[in-house]
Amino acid sequence: MTKLADSRVLGSPESSDLTEEAFFGLAATRLVSDVAAAAVPAPRRIVILGSTGSIGTQTLDVVRRHPDKLKVVALACGRRADELLAQAREFGVSRLALGSPESTSEETLHALAEQGSELFSTGGEAMLDLVCADDVDVVVNSLVGAAGLRASFETLRAGKVLALANKESLVVGGDLIMPLARELDQASGFQHYLMPIDSEHGAIYQCLLGEDSREVSKLWVTASGGPFRGKTTEELACVTPAEALAHPTWNMGAKITIDSSTLMNKGLEVIEAHHLFDMPYDQIEVVVQPQSAIHSMVEFSDGSVKAHLGTTDMRIPIQYALSYPERWDAPVEPLDFRQLGSLEFAAPDTDTFRCLALAKHAGMVGGTLPCVMNAANEVAVAAFLAEELPYLGIAEVVEGVMSLHESDGVEAVTDIDQLLRLDAWARECARDLVSTRY
């Protein structure tokens, strides 16, 4: 170590004007300083896919709070080019992707190209250019819908940590994504190449830390019940998009908010939990917890139950997915249990909110049925938001497309191209149902 200090820091005592005692004292000081600097971890370099959406903007808020621990190296979004440009300028990002540039002005495109001096790409495959770079540690996938599947697949194939907020990656392609994640975990011993951002799965993940998975008897996925909890089918017949978008506890994007109101969101989360935690469907239950204070629970074979509680703010699970295995300072005010009041629990009404039952059926059948179910739901939700479909028509369209696929024959999942083909087929079928029945 003395030789290292001699050659790299000061030369040698003979060549220095310092006394031998002062020389070695200064060398030791420099060496301690170098070791201390090396012990400070470099910021984690992150890519945010879907940076202008709800999860993306909250991820950037976490970065603002921890600039010494996180560095944004690439940003991508679908259409909100002006917001993407503002984000890139604020965080000094020079690698950008814009999925759908058609409605963007030439002036904004030129400014994005200037800001994205290292890389600026557009189009459907643009976001894939960002995840494979050598200086990427973590990819936050907060894309909406099945578009996020290939990004998740390529992230893991490139050996990057995937912080996943895109439900459809696992709902549609869990049979492809999870083997990749497990292979990376086993090869590295890291064990955490796929970090869930969903509050429910992040909660289950934390409840399972340090536990033997063989001793888990049940996963409890909590649901707020959405804005229509307790409503009858008759009362839901004339629901408007504005009413369905008024979620009582969470601030989310439009598509996921509608899914929450129909309970499709819980169905998707059950399928995700099956893949993430390798849990049979008969050991995964949904429970309505209207206060959204309990984010999910794990029940063990001895009857013990672990519950994860906290403030209803997505920055908490986002931050934990990025900080693991550390816990950083809270990004929001902690939950004050003295102000919480009571906690309520109820079984979900699957007769009225049929999407939950449809999603669970798709998961239990498996294969390509969840892919078809998800695509039909995306089309139906978009049609409802455009006021082309009544609220109860969402479940009817999803069920209709699922029935067609089951009659044709559900396939085992083989590759992404197969899933994309069936995704396109299901969307076309759903659009036909919307246009012919409504």
Side-chain angles (χ1 to χ4, degrees), residues 43-53 55-56 58-60 62-63 70-78 84 93 95-99 116 118-119 121-198 201-202 205 268 271-272 275-276 317-324 371 374 413 415-417 419-420 423:
R44 296 177 189 180
R45 300 162 297 184
I46 66 173
V47 174
I48 305 176
L49 306 180
S51 65
T52 61
I55 295 295
Q58 290 178 90
T59 300
L60 288 172
V62 172
V63 176
L70 298 169
K71 177 178 174 59
V72 182
V73 297
L75 293 168
C77 76
L84 177 66
V93 179
R95 270 177 265 166
L96 307 170
L98 182 65
E118 286 188 72
L119 176 67
S121 54
T122 61
E125 301 293 309
M127 300 182 189
L128 304 182
D129 297 332
L130 305 178
V131 304
C132 299
D134 291 339
D135 65 344
V136 173
D137 299 314
V138 183
V139 175
V140 177
N141 185 353
S142 61
L143 298 173
V144 175
L149 170 59
R150 190 178 288 277
S152 292
F153 185 81
E154 295 300 336
T155 294
L156 292 171
R157 197 162 72 162
K160 314 298 184 183
V161 173
L162 174 63
L164 186 61
N166 172 261
K167 296 179 184 300
E168 293 77 11
S169 291
L170 294 180
V171 171
V172 175
D175 292 335
L176 302 177
I177 296 294
M178 291 312 301
L180 267 179
R182 292 187 183 110
E183 183 180 339
L184 287 169
D185 290 347
Q186 291 168 3
S188 68
F190 179 53
Q191 299 296 321
H192 304 285
Y193 266 89
L194 202 168
M195 295 295 298
I197 281 181
D198 265 355
H201 302 104
Y205 184 93
L268 300 181
I271 298 174
E272 282 186 279
H275 286 295
L276 279 168
I318 291 169
Q319 180 171 293
Y320 187 71
L322 298 174
S323 71
Y324 181 85
C371 169
N374 176 77
V413 174
D415 54 50
I416 287 184
D417 288 339
L419 294 174
L420 294 178
D423 177 271

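- Counting all heavy atoms, side chain and backbone alike, Lys160 lies closest to Ala133 at NZ-O, 2.8 Å.
- Judged by distance alone, the side chain of Arg45 and the main-chain N or O of Val73 form no donor-acceptor pair under 3.5 Å.
- A pairwise comparison of heavy atoms in Leu128 and Ala151 identifies CD2-CA, 3.6 Å as the closest pair.
- Looking at Val63 and Ile46, their side chains come closer than 4.5 Å, going by heavy atoms from C-beta outward.
- Contact check for Thr59 versus Ser142: no side-chain heavy atoms found under the 4.5 Å cut-off.
- With Asp137 contributing its side chain and Val161 its backbone, the two residues share no donor-acceptor pair below 3.5 Å.
- Expressed to the nearest 0.5 Å, how far CG of Leu170 lies from CE of Met178 amounts to 6.5 Å.
- A distance of 13.0 Å separates CG in Asn141 from CZ in Arg150, rounded to the nearest 0.5 Å.
- Rounding to the nearest 0.5 Å gives a distance of 7.5 Å between CG of Leu70 and CZ of Arg44.
- Between the side chain of Lys167 and the backbone N or O of Ile271, no donor-acceptor pair lies under 3.5 Å.
- For Ala76, the side chain to side chain contact (heavy atoms under 4.5 Å, CB included) partners are Leu49, Ala97, Met127, Leu130, not counting sequence neighbours.
- Atom CG in Leu156 sits 11.0 Å away from atom CG in Leu176 (nearest 0.5 Å).
- A distance-only check finds a donor-acceptor pair linking the side chain of Asn166 to the backbone of Leu143 [under 3.5 Å].
- A heavy-atom distance below 4.5 Å is found between the side chains of Ile177 and Leu194.
- Inter-residue side-chain proximity for Val172 and Asp423 is flagged as unmet; no heavy-atom pair is nearer than 4.5 Å.
- Taking CE of Met195 as the start and OH of Tyr320 as the end, the distance is 6.0 Å to the nearest 0.5 Å.
- Atom CD of Glu118 is surrounded by more than 12 heavy atoms from other residues, nucleotides or ligands within 6.0 Å.
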